[in-house]
Amino acid sequence: MLQVKYILENKEHVIEGLRKRNLDAKTLVQQIIDLDIERRSSIAKVEELRAEGNKMSKAIGSLFKEGKIEEANTAKVKVQETKTEQKNLEEGLSEIEEKFQNLLYHIPNVPHTTVPAGSSENDNEEVFKEGSIPNLHEGAKPHWEIVKEKDIVDFETGVKITGSGFPVYKGKGARLQRALINFFLDEADKAGYAEVIPPLLINEASGIGTGQLPDKEGQMYHVTGDDLYLIPTAEVPVTNIYRDVILNEEELPKKNCGYTPCFRREAGSYGKDVRGLNRLHQFDKVEIVQVVHPNESYNVLNDMVEHVKELVRKLKLPFRILRLCGGDLGLTSALTFDFEVYSTAQQRWLEVSSVSNFETYQSNRLKLRFRKGQEKPQLAHTLNGSALALPRIMAALIENNQNENGDIIIPEVLQKYTGFDTI
RNA sequence: GGUGAAAUGACAGAGUGGCCGAAUGUACCAGUCUUGAAAACUGGCGUAGGGAGACCUACCGGGGGUUCGAAUCCCUCUUUCACCGCCA
C-alpha cells in the first residue's frame, strides 16, 4: 500500500503514474486526500477530548485521596458528559478510518518510470530474447500427448482424486519434477539465497501483508473451517517472515528461497490456455525473495533477472523477457519482468517467471522496516521472483526436446538429478 | 480434543484500580576517567499518530466490556508451557 505522506506530497505524480495502468485515479486520490484531512481533524478533536478527560480523571483521583468525596462525585458526573461526547466522536473517527484504509488498500502501486503504458499483455515490451527455436521433426507432438504416451503425467487420475488441474506425476515424470526442484534450489543456494520451507496455509494478516487480500480472495483456496488460505505462491509465507520486523541496516539484504506447491483457483479459465500443463490449480515453484535497502532495489531486481536468465539458459530453452506494461502489472508491483519460454510444438510463449520490485508497497503493509544506527526505522523494499515455475518448464522441455524416435532428451544440467538422460 | 498455568519494552523481570509508557537488571549508544581497553561513574536508550511548536494521544498478546479512571477487574479469541488423550 502506498504511504499516505507519499500520496499527499506527490499527488500529480501518483495520478500520472497510475494512468499507465489504464486507471484514472484522480477521484480516488482526491478522496484519499479529502478523507485524510477529515481524519486528521477528527483525530485532533478526539484526542483533545481524551486529554481533557484524562486530566479530569486524574483530578478525581486526587480528590478522593484528599477525602473530598462530594467534590469528586460532582466531577464524576461532569466527566461522564465528556466521555459520551468522546464516544460519539470516536465512532465517527473509526468510520472514517475504515473508509480511508479501504481506499488505501485499493490504490495500486505507482509504476516505475520505465513501465510502458498499456491496457493488456499486448502492450508488454520485449526487452530481451535468447536461444534458437528448434526445428522439430514432422509429427512433433504437444506435451499433453507425449506425457500420456509415456505415462509420466496423468491428468485423468488427478480428476478422479481431486478435479481438473491437479495432475498426478508418475515415474520419470515425478523424477523430472523433483530434479527441477533440486536444480533450482541448488542454483539459488549458490546465489546466496537461504532456503526455507514455509507453511502452505496462511492467515488473513499474511494475505494482507503481501497484497493478496482483501481483494483477490477469489483466487485463493479458502479453508473456511479455520479461516486459512492455501498459498498461491511462496512469496506470501516467505515475505511474511519479515512482517512486523525491524532489521538492522547491516542485516540487509535478506535473501531467501523456497520450494512450495502453489494453489490457484483461476476461476473462469478455459480453452487451449489450460490444456495439459499450461495452467493448473496446483503446481510447484521455487521462489526467490529479497528484502533490501531502498537504494539497492533496482540493482537487486537486475540481479534477480540475471539469476533467472541463467536458469533458463542452463536448461537450453529459448526465452524472452518482457517488461510488463501498466495494465498487466500486478496491484503491488512497481516494475515486473516476465520470463517466457517458447514451447515449440504449441508454437507459443509460456510464462514461467515473474520478477518484481514492490518498493515499499508490501513493506508498508507488512511494517517491515530497517534501522540505520540510532535513526528512525524506515521501510525496506521487497522483491521476489519465480526461479522457476515448474509445469510450463516441463512442458517446454518435453516439447522442445522430443526427437524423431519419440524420446525426450533430458538437458545435461538435470541429468545428475534425474539419473537418466532420456524418457 | 481435555485440564491447568501463563503472555509486560531488545532480553530478563517487577507491578493486582489513579502517583505506570511502566521499577530494576542486562544489552546497546554517548560522555568522564585511561596510552588504549576493561571496570567504575554520568547521561541516553520502544513504536506509531496529531500539532509550526512547548506538547498531546495511543499501545503492557488480539478484540470487546466494567469504571470518572485499567498493565491491573470481567468476557472472548490467539499463542506458549505442563499433564492427559489421540496421532504421522
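Quick note on labels: first sequence line is chain A, next is B, and so on, each numbered from 1.
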### Query
Distance only, no hydrogens: is a donor on one side chain within 3.5 Å (strictly under) of an acceptor on the other, for A:Asn240 and A:Arg243?
yes
### Query
A:Ile246 has an atom CD1; how far is it from atom P of B:C45, in whole Å?
16 Å
### Query
Where the side chain of A:Arg40 is concerned, which of B:U57, B:G50, B:C68 is the nearest nucleotide?
B:G50
### Query
Among side-chain atoms of A:Glu90 and A:Gln86, is any donor-acceptor pair under 3.5 angstrom?
yes
### Task
Please measure how far the P atom in B:A12 lies from the corresponding atom in B:G31, and state the result in whole Å.
30 Å
### Query
Taking any strand in view, what nucleotide pairs with B:U16 in a Watson-Crick or G-U wobble way, both distances under 3.5 Å?
none
### Inter-nucleotide C1' distance (B:G21, B:A70), Å rounded
14 Å
### Task
Keeping the roles fixed (side chain from A:Lys309, backbone from A:Met304), state whether a donor-acceptor pair exists under 3.5 Å.
no
### Message
Using the C1' atom as the point on both nucleotides, what is the distance between B:U24 and B:C45, in whole Å?
### Response
15 Å
#### Entry: Output field: ring centroids A:His381/A:Tyr298 closer than 6.0 Å
no
### Query
Closest to the A:Glu47 side chain: B:C68, B:G49, B:U47?
B:G49
### Nucleotide B:A58, atom P - distance to CG of A:Leu49 in whole Å
12 Å
### Task
Considering only atom P, compute the distance from B:A54 to B:G50 and round it to an integer number of Å.
15 Å
#### Entry: Interatomic distance, A:Asp227 CG vs B:U78 C1' [rounded to whole Å]
13 Å
### Query
Reckon A:Ile60 touches a base, only the sugar-phosphate, or nothing at all at heavy-atom distances under 4.0 Å?
base
### Query
Considering every strand shown, what is the Watson-Crick or G-U wobble mate of B:G21 when both distances are under 3.5 Å?
none
### Task
For nucleotides B:A40 and B:G4, find the distance between their P atoms and express it as a whole number of Å.
48 Å
### Query
Rounded to whole angstroms, how far apart are CG on A:Asp244 and P on B:A10?
12 Å
## Note on the structure
Across every strand shown, the nucleotide meeting Watson-Crick or G-U wobble geometry with B:G61 (both distances under 3.5 Å) is B:C77
### Query
What integer number of Å spans the P atoms of B:A71 and B:U34?
48 Å
## Note on the structure
Looking only at B:G69, B:U47, B:U66, the nucleotide nearest the A:Lys87 side chain is B:U66
### Task
Kindly assign one of parallel, tilted or perpendicular to the pair A:His307 and A:Tyr193, based on the angle between their ring planes and the thresholds 30° and 60°.
tilted
### Task
Tell which nucleotide pairs with B:A82, taking only Watson-Crick or G-U wobble pairs whose two distances are both under 3.5 angstrom.
B:U3
#### Entry: From B:G50, B:A48, B:U57, nucleotide with atom closest to A:Asn54 side chain
B:U57
## Note on the structure
On a heavy-atom basis, the closest approach of A:His293 and A:Leu252 is N-CD1, 3.7 Å
### Closest contact, heavy atoms only, A:Asn22 versus A:Ser119
ND2-CB, 3.0 Å
### Task
Using both distances under 3.5 Å as the test, list the Watson-Crick or G-U wobble partner of B:U67, or none.
none
#### Entry: Pair assignment for B:G43, Watson-Crick or G-U wobble, requiring both distances under 3.5 Å
B:C29
### Residue A:Ala51, side-chain heavy atoms: nucleotide from B:G18, B:C56, B:A48 that is nearest
B:C56
### Query
Atom CG of A:Leu8 and atom P of B:G49: how far apart are they, to the nearest Å?
12 Å
#### Entry: Distance, rounded to the nearest Å, where A:Gln86 contributes CD and B:U57 contributes P
11 Å
### Query
When all nucleic acid strands are considered with a 4.0 Å heavy-atom cut-off, which category describes A:Lys83: base, sugar-phosphate, or nothing?
sugar-phosphate
### Message
Suppose you measure atom C1' in B:U66 against the same atom in B:A14; what distance do you get, rounded to whole Å?
### Response
26 Å
### Query
Is it the case that A:Ser363 and A:Arg369 place a side-chain donor and acceptor less than 3.5 Å from each other?
no
### Task
Starting from P on B:A48, measure out to NZ on A:Lys5 and report it in whole angstrom.
11 Å
### Query
Of A:Lys376 and A:Glu48, whose nearest nucleotide on RNA chain B comes first from the 5' end?
A:Lys376
#### Entry: Mate of B:A52 where both pairing distances stay under 3.5 Å, Watson-Crick or G-U
none
## Note on the structure
Among B:G46, B:C68, B:U57, the one nearest any side-chain atom of A:Arg50 is B:U57
### 5' precedence on RNA chain B between A:Ala44 and A:Val79 (nearest-nucleotide basis)
A:Ala44
### Message
Between B:A39 and B:G53, how far apart are the two P atoms, rounded to whole Å?
### Response
40 Å
### Task
For the side chain of A:Arg39, starting at C-beta, report the closest nucleotide among B:G50, B:G69, B:A58.
B:G50
### Message
Using whole Å, what does the distance between atom C1' of nucleotide B:C55 and atom CD of A:Glu52 come to?
### Response
16 Å
### B:U47 OP1/OP2 closer than 4.0 Å to side-chain N/O of A:Arg371
yes
## Note on the structure
Answer for the Watson-Crick or wobble partner of B:A37, both distances under 3.5 Å, is none
